[in-house]
Amino acid sequence: MAGLVEKEQRQQLIGINEKEEKQVESEDNNNKGCEFESGQGDMVLGAGNSIHRSGSRPQLDVSKAEIQGNVEEKYPTILLPNQSDDLSHLALDIGGSLIKLVYFSRHEDQSADDKRKKIVKERLGLSNGNRRSYPILGGRLHFVKFETGKINECLDFIHSKQLHCGGPESPCADGVADRNVIIKATGGGAYKYADLFKERLGVSLDKEDEMDCLVAGANFLLKAIRHEAFTHMEGQKEFVQIDPNDLFPYLLVNIGSGVSMIKVDGDGKFERVSGTNVGGGTYWGLGRLLTKCKSFDELLELSQKGDNRTIDMLVGDIYGGLDYSKIGLSAATIASSFGKTISEKKELEDYRPEDISLSLLRMISYNIGQISYLTALRFRLKRIFFGGFFIRGHAYTMDTISFAVQFWSNGEAQAMFLRHEGFMGALGAFMSYEKHGLDDLMVHQLVERFPMGAPYTGGKIHGPPLGDLNEKISWMEKFVRRGTEITAPVPMTPLAATTGLGGFEVPLSKGSTLRSDASALNVGVLHLVPTLEVFPLLANPKSYDPNTIDLSDPSELKYWYTILSEHLPDLVDKAVASEGGTDDAKRRGDAFARAFSAHLARLMEEPAAYGKLGLANLLEMREECLREFQFFDAYRSIKQRENEASLAVLPDLLVEIDSMDEETRLLTLIEGVLAANIFDWGSRACVDLYHKGTIIEIYRMSRNKMQRPWRVDDFDAFKARMLGTKNKKMPPHRRALLFVDNSGADIVLGMLPLARELLRRGTEVVLVANSLSALNDVTAMELPDIVAEAAKHCDILRRAAEAGGLLVDAMINTSDSSKEKSSSVPLMVVENGCGSPCIDLRQVSSELAAAAKEADLIILEGMGRALHTNLNAQFKCDALKLAMVKNQRLAEKLVNGNIYDCICKYEPAG
Ligand SMILES: Nc1ncnc2c1ncn2[C@@H]1O[C@H](COP(=O)(O)OP(=O)(O)O)[C@@H](O)[C@H]1O
Ligand SMILES: CC(C)(COP(=O)(O)O)[C@@H](O)C(=O)NCCC(=O)O
Ligand SMILES: [Mn+2]
């Protein structure tokens, strides 16, 4: 370490305590349109130009079409220069009670198509061949609903977002479609309101069969959406992993205004086998008459405070308080719904609306559950999926239905619910567009993200569309005034359960809340990313779960909620500074903080709202939320400063390393990676440390503390594989994938020297970095420049970078003047496909998937990638997981250790 000291003085100049630079990189966001969905929507950055649409689906503009690349390829890419990417599809399901809307928005790829990408594609033999040129290159599916009685709001919404013309970027004249635009629609309203749509928006509704749509939507959801189906018993929600190859047959019960029961045997293979007219409309209609409630939610809310014993006739009422044990009915069992109201001389006003609502809800839910079970029995179906907006994610309703199915089937049949409960028909209508592209997509190409608007939009707030970021922020500011009102949950009174002899028992519905209409939708925005792939080196892709920490443990959730909340002010400061600290940046920062806090609060109340919640999801949500408010790289100047400081001391470090024998060198390199992982701006403890010294001081301190054995120390096994033993020589690995983490010392003084060692030993190295920025993580875009800088001081890196095509543009000033063609194994950079401090290996970039095919060693580095996620992941090849644990609680929990302990976990190919 002595060599480093000389440079130290110089580094003081760029000390870590320096005030954040106020420079702004010119980021031309002004011409990007922003839209905000009122109602239940979210915010989306839009882009693009005109839309070409006519007939029942958007038409291709094939003028000047040409084949790009090799014409011999099986699926050559066809370039359509005049075809806009920004096609927008909209489909509707207009039911008796609600209108459901599904629409697609093309989303601009935020990761730039730089030179590196082109080179990587060539080198890894990736072509655009399997990338569709039409219609879905990538975009987002949005889900919105309106009450049918307020159809004008729906028309306004479509109109304001220009969804009938193709999106806000291509408004149609006077808001009326000029061509004969046809929109797919299902449900009775597609007939009833056809003229209204024509008159108001100038569009024709193309009617699709309701049952066809329901089934198509349900099959798509069950096959392609992770954590779509779940069971709900006694207040406990559990997601069910559906094997797409073992889905059929099943019974689909759609509880809308009325109820349909459909036996589904395959795609497009189904029969409506039963139904009942006692459904959601019955509950809402009767409930309204009997309680004078003004809204469905009000009625449902009332039920939560109700006691049905005042309304229902129980077995105990008939049997003088006794059970009817001979036939298995407890005294608490409902013998007759509303039965008590006949025997007493009371009028409607004498009953509490709360009790009436509860009795009604139980009566209808139980009845549907029972008929469903009988229907399933009739066709020998074991699985019943319930959908429709009657369910409304309401715990008590689901418990009651589950209870009925379980009770009557003696546990043989299982009731499951769908998160996109009421959207099956609308999705099916969407899929009926001839070229929607959806059913070609697989589960790993769909990323469901938190809808950025949901937690803070109220169903009753239907504002105009927000045209730009400014309006979005103003809206957030206004929201805050109403924020507590909107986000405050309505507590659900846990009802006393009777665990008697079965039958009409009171189901438990603990801990659930009934939220305002908007956030009641437990659906995110579906990001369609056709380029994503499953990481091919996962040993067990089906059972792989990226998250190490399960946030379904409430104490764990609370802890991480607090950590993220406490980090927020500092993050906002950094974000605002990264955009020059302008007033506009401050407003955006403020809006971001509010939005993110609201999301956190929402998830605290209902952690499983959008599927199983892990720590990686929370950390990603923070980054997504920053991007939503156009903070694309909050740590930009910190990263730059740390890169420069570290690059300045790299030559000395390399000299020092090169003076060591092989064994000491390998240990020093691994030690170096662990020590440099301390530069983590996401860790509270580390950020506090940075106030105490310069980068180099901290780096040195960190290395000095590297005492072996580390908390998890498989170094000897790794060394044996790398260097061999006395008795056994080992060949070098063919290709290593290095999943890199932070900028600055972490990459420059940690991972690059390790990469260099591998290269020196004849192993190809692929540096795998983020596609989008997250905290101070280095991105794939940034890496070539860093490598080029490092290569100025090192021939090994230079030759490898040249061989990997990384130095095409770099002005290399090497000490070695030889110009001979590089004979080195290559060093490459690929992007991982994500913008988070963690990595979900079920969904990685096609570049990474291609690079992985030749790899026989993986090195995962950092807390996010090797601890929060993937600590327990098994791979088909050798894997090394390296990280410093920068959080006390995590250290205790994972390794029974302490903060700053290190993990070096080596797992040879199984
Ligand atoms: N905000 C709401 N307004 C009216 N009904 C609602 C609302 N939220 C949930 N519901 C329930 O959902 C039912 C409608 O479900 P849905 O699946 O949309 O069927 P439909 O296609 O028949 O409208 C209503 O009958 C009611 O029970
Ligand atoms: C966000 C992080 C996973 C990044 O760590 P890294 O992957 O860079 O090692 C980590 O900083 C973290 O878990 N921070 C929160 C914990 C804390 O502040 O203690
Ligand atoms: Mn990191």
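As the structure lists them, so they are numbered: ligands from 1, and atoms in each ligand from 1. Note that these values count all heavy atoms, side chains included, but never hydrogens, waters or copies made by symmetry. Along the sequence shown, residues are numbered consecutively beginning with 1.
Within a radius of less than 2.8 Å around the Mn ion (ligand 3), the protein N, O or S atoms are D741 OD1, N742 OD1, D777 OD1.
Results of the side chain to side chain donor-acceptor pair (under 3.5 Å) test with E782 over K639, R636, Q640 single out K639 as the only residue that passes.
The aromatic rings of F146 and F157 sit tilted relative to each other, their planes meeting at an angle between 30° and 60°. Classification of the H232-F417 ring pair by plane angle, with boundaries at 30° and 60°, yields perpendicular. The aromatic rings of H868 and W560 sit perpendicular, their planes meeting at an angle over 60°, well past the 30° parallel limit.
The minimum heavy-atom distance linking A429 with K184 is given by the pair O-CB, 3.5 Å.
Residue S257 has at least one N or O atom closer than 3.5 Å to an N or O atom of ligand 1. Between F390 and ligand 1, a contact under 3.5 Å exists for at least one N or O pair. The N/O atoms of G280, backbone and side chain alike, include one that comes under 3.5 Å of an N/O atom in ligand 1.
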When you check ligand 2 against the protein, what N or O pairs turn up below 3.5 Å? List the atom names and distances, or just say none.
residue	atom	partner	partner atom	Å
ligand 2	5 (O)	D680	OD2	3.0
ligand 2	7 (O)	D741	OD2	3.0
ligand 2	7 (O)	M863	N	3.3
ligand 2	7 (O)	G864	N	2.7
ligand 2	8 (O)	D741	OD1	3.0
ligand 2	8 (O)	D741	OD2	2.8
ligand 2	8 (O)	N742	OD1	2.9
ligand 2	8 (O)	N742	ND2	3.1
ligand 2	9 (O)	D741	OD2	3.0
ligand 2	9 (O)	M863	N	2.8
ligand 2	9 (O)	K886	NZ	2.5
ligand 2	11 (O)	D680	OD1	3.0
ligand 2	11 (O)	D680	OD2	2.6
ligand 2	11 (O)	G682	O	3.3
ligand 2	11 (O)	S683	N	3.2
ligand 2	13 (O)	H868	NE2	2.6
ligand 2	14 (N)	G682	O	2.9
ligand 2	18 (O)	G682	O	3.4
ligand 2	18 (O)	R684	N	2.8
ligand 2	19 (O)	N887	ND2	2.7

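For ligand 1, the atoms lying closer than 4.0 Å to a non-hydrogen atom of G281 are 25 (O).
A heavy-atom separation below 4.0 Å is found between W284 and ligand 1. Ligand 1 lies less than 4.0 angstrom from a heavy atom belonging to K100. At least one heavy atom of G96 sits closer than 4.0 Å to an atom of ligand 1.
By heavy-atom distance, the residue among F423, F389, F296 lying nearest atom 7 (C) of ligand 1 is F296.
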